[in-house]
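All heavy atoms count here, side chains included; hydrogens, waters and symmetry mates do not. Throughout, protein chains are lettered first and strands after them, A, B, ... in sequence-line order, and every chain is numbered starting at 1.
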2 protein chains.
Amino acid sequence: MGTEKQRPVTLRTLADQLGLHVSTVSRVLHAKPDEGARAASGATVERIRKLADELGYRPNPHATSLRTRRSNLVGVLVPRLSDIVLATIYEGIEEAAAEHGLSTFVTNTRDVPEVQRARTEMVLGRRVDGLIFGDAYADGEFLASVAARGVPFVLVSRRSGEYPSVTCDDYEGGRLAAEHLLSLGHSRVAVIAGEPYASTGIDRTAGFVDAFAAAGCPVPESRIVHTPFDARGGRLGAERLLAERPSAIFAVNDFAAIGAIGAARDAGLRVGEDIGIVGFNDTPLAAELPVPLTTVRSPMHEMGYRGLSLLVRLMAGETVEPERLTPKLMVRASTTG
Amino acid sequence: MGTEKQRPVTLRTLADQLGLHVSTVSRVLHAKPDEGARAASGATVERIRKLADELGYRPNPHATSLRTRRSNLVGVLVPRLSDIVLATIYEGIEEAAAEHGLSTFVTNTRDVPEVQRARTEMVLGRRVDGLIFGDAYADGEFLASVAARGVPFVLVSRRSGEYPSVTCDDYEGGRLAAEHLLSLGHSRVAVIAGEPYASTGIDRTAGFVDAFAAAGCPVPESRIVHTPFDARGGRLGAERLLAERPSAIFAVNDFAAIGAIGAARDAGLRVGEDIGIVGFNDTPLAAELPVPLTTVRSPMHEMGYRGLSLLVRLMAGETVEPERLTPKLMVRASTTG
DNA sequence: CTGAAAGCGCTTACAG
DNA sequence: CTGAAAGCGCTTACAG
């Protein structure tokens, strides 16, 4: 129980104590529980496992990686972990990674292209076996350069071109929001559409606008604004939109919706009565707000979990298909009063 | 521009192309810009650096770690990254880590002791050089077992015993909240105190309660409730507290405060007029809420940044002192109407 | 069933 | 100023 950092136990430690060769020990410790017989005699297998257990042997991953050219490391790039949507997606990634014996490096890129580049280089320098991007730009330029290097990667949250991705069916989600508002009789609506380079905002807006157009109530450009995906962005966006006197606002993100609620209130409007507001994602806060928020639930945790699983298959050489997860409308007081 | 994963450039690649020995190349590439002369002749240094640049040489960190017994890796354990407070602290950690050439593994432990143990073993198995705990239990039992292994670590957000930590001066923060409410004439107040094992909640509550006691308005146990640090917890806590008819509620966390606002509203109270509510942290949402939230700002990003810096000093063998960062009261409509 | 060898890519103390 | 050697801890194809 000293505070000293004792030399860790290695294969050599075990081999010496047992009078065996390290290669034998390695083979045994590597074998799946059932195929132990392949590696050594039953008795030897037992002795090795027992001592490894007693001494708390843990293979040195640097040595393993050096030798096998596999790091079991995955790099995860997100705009910002302080966005609960991305943080929740990451929780899913982490859970799946742990199940596969992988570890992750996560890093914030703030949607700044130079930072995305620099952080990608950094994790690549750490010799990750694969990458997950939660910060893809719809244009896909940067991703093309990554693909050219032959590193496997998948996108989560946002899609881009034909690259493997796990996203919410955002178009459908936008449509759900629209159908809901249409059913309540709204015809003059507005959209807080998020950042123009993110497929999430693009697709949600498209689904919403298309549904309104199909219902004979086209949404003009003047009632669509682009802002950051946070409360402040939502407030600023709503302040501009309110001049258009919409009867309802669709924000492509719950936090933007919360900002919009504040702006509406400041303008003297009662949310859910004078104006309807719909968000997106169904973050835990949505249901607990003073005026609970109608929103489209996206399976954030699952998105991360499946994203990592997809990456594992990709790293194993499989061909994979993009996945679109199903959104679900959650009706609450912000549209029904 | 093929999609092939070409063999990466190693020291050997460089050495062979230049007709030098790998040890020479290694020495040169290692030297600080100014001490290059120590490593080889000026001309050789130039040739090596030039080729390394052209070929995009990146040292293999696994080989380096194996050889030097230093991984330049840090493990970070937090209750949950989907809590914006911890996510923001992590952003600070990441920023500082990048400056020091360190990479981090972050992992969610959900404040579950077995998970804390398991994840700690995991990152230790990855041979991190140090640890940062954002999920310390006040009792410090588990930390003692980590300390016994001789791995350097620091705590952020929460403190425990005398272990090195970077926290907000939470006691002072609680006091600030109390002074504010006292100055507004409140005498019958209540506290949503968070989880009982977290020093943040404990200290904030203590500072608050002590200030009220000193002012002659003791806060009885019946007006202090423990709940999770989220909106749902805050709502449930407030629902119980409202039976006590407090004129103001102090929630030790902004999200709990938001839940409390919802509960107050459901009870027919106007926040800022019929009841005052104070939060803690000043998360970005606080100022954007329909009723902007009075709260105590804690320097979250800085806490992470300084926490990592403290760890670096600890890993270098220095003795370090705990740091308490200064909180700041942000007065808004939730207490002033 | 077990051993011996080679090698992953790097660093470092030593020699010349 | 540069080279050669040893070794970090592991895996794997091969030999016996």
Side-chain angles (χ1 to χ4, degrees), chain A residues 5-32 35-49 51-52 55-73 101 124-127 129, chain B residues 5-32 35-49 51-52 55-73 101 124-127 129:
Chain A
K5 205 170 182 171
Q6 61 267 24
R7 247 333 180 35
V9 179
T10 68
L11 287 183
R12 169 147 306 288
T13 321
L14 302 178
D16 287 355
Q17 285 197 34
L18 294 168
L20 290 167
H21 195 268
V22 293
S23 63
T24 308
V25 179
S26 173
R27 232 179 295 120
V28 167
L29 259 21
H30 242 130
K32 310 265 179 318
E35 66 180 22
R38 282 284 116 79
S41 72
T44 307
V45 169
E46 265 326 293
R47 290 171 61 218
I48 293 176
R49 288 201 179 137
L51 188 64
L55 266 41
Y57 170 73
R58 309 283 271 117
N60 182 317
H62 302 121
T64 304
S65 299
L66 183 58
R67 180 57 235 235
T68 62
R69 301 165 169 292
R70 255 198 138 250
S71 63
N72 292 121
L73 253 25
L124 251 22
R126 280 283 178 181
R127 302 299 198 269
D129 292 331
Chain B
K5 204 170 183 171
Q6 61 268 25
R7 250 328 182 38
V9 178
T10 68
L11 287 183
R12 169 145 307 288
T13 320
L14 301 178
D16 287 356
Q17 286 198 33
L18 294 168
L20 290 167
H21 195 267
V22 293
S23 63
T24 308
V25 180
S26 172
R27 233 180 295 120
V28 167
L29 258 21
H30 242 129
K32 310 267 179 317
E35 67 181 23
R38 282 284 116 78
S41 72
T44 308
V45 169
E46 267 325 294
R47 289 173 62 219
I48 293 176
R49 288 202 179 137
L51 187 65
L55 266 42
Y57 170 73
R58 309 283 272 120
N60 182 317
H62 301 121
T64 304
S65 298
L66 183 58
R67 179 59 233 236
T68 62
R69 302 163 168 293
R70 256 198 137 248
S71 65
N72 293 120
L73 254 23
L124 252 22
R126 279 283 177 181
R127 302 299 199 270
D129 293 331

task = For B:T68, report the nucleic acid contact type (base, sugar-phosphate, nothing); a contact means any heavy atom under 4.0 Å.
result = sugar-phosphate
query = Does a side-chain N or O from B:R69 land closer than 4.0 Å to OP1 or OP2 of D:dG9, or not?
reply = yes
Requested in this report: Would you mind classifying the nucleic acid contact of A:S23 as base, sugar-phosphate or nothing, using non-hydrogen atoms under 4.0 angstrom?
Outcome: base
inquiry  = Once you apply a heavy-atom cut-off of 4.0 Å, does A:S26 come out as touching a base, just sugar-phosphate, or nothing?
reply    = base
The correct set of residues in residues 55-62 of chain A placing a heavy atom under 4.0 Å from DNA chain D is A:Y57, A:P59, A:N60
To the nearest angstrom, the CG-C1' distance between B:L11 and D:dC8 comes to 15 Å
**Request:** State whether the side chain of B:R47 and the backbone N or O of B:V45 hold a donor-acceptor pair below 3.5 Å, judged by distance alone.
**Result:** no
note: B:R12, atom CZ; C:dT11, atom P; distance rounded to Å ~ 14 Å
B:H21 atom NE2 is separated from C:dG9 atom C1', nearest whole Å, by 13 Å
Quick note, B:L20 side chain, CB onward, closest among C:dC10, D:dG3, D:dT11 is D:dG3
Discussion item. I'd like to know if A:R27 reaches the base of C:dG3 with its side chain such that a donor and an acceptor end up less than 3.5 angstrom apart.
Written reply: yes
| Are the side chain of A:T13 and the backbone N or O of A:T10 linked by a donor-acceptor pair below 3.5 Å? | yes
If pairing means Watson-Crick or G-U wobble with both distances under 3.5 Å, then the partner of C:dG16 is D:dC1
Exercise. Do the non-hydrogen side-chain atoms of A:L11 and A:Y57 ever get within less than 4.5 Å of each other?
Worked result: yes
Atom CG of B:L18 and atom P of D:dC1 are separated, to the nearest Å, by 18 Å
Separation of C:dA13 atom C1' from B:H30 atom NE2, nearest Å, is 15 Å
note: A:L14, atom CG; C:dG3, atom P; distance rounded to Å ~ 14 Å
Does one side chain, of A:S26 or A:S23, offer a donor that lies under 3.5 Å from an acceptor on the other? no
* Where the side chain of B:D129 meets the backbone of B:S71, is there a donor-acceptor pair that is under 3.5 Å apart? -> yes
Taken to the nearest whole Å, CZ/A:R67 to C1'/D:dG9 is 11 Å
Here the distance between atom C1' of D:dC10 and atom CG of A:L29, to the nearest Å, is 12 Å
Quiz item: Are any side-chain N or O atoms of A:R127 and backbone N or O atoms of A:G125, one a donor and one an acceptor, separated by less than 3.5 Å?
Solution: yes
Self-check item: B:Q17 vs B:V9 side-chain heavy atoms within contact, under 4.5 Å
Solution: no
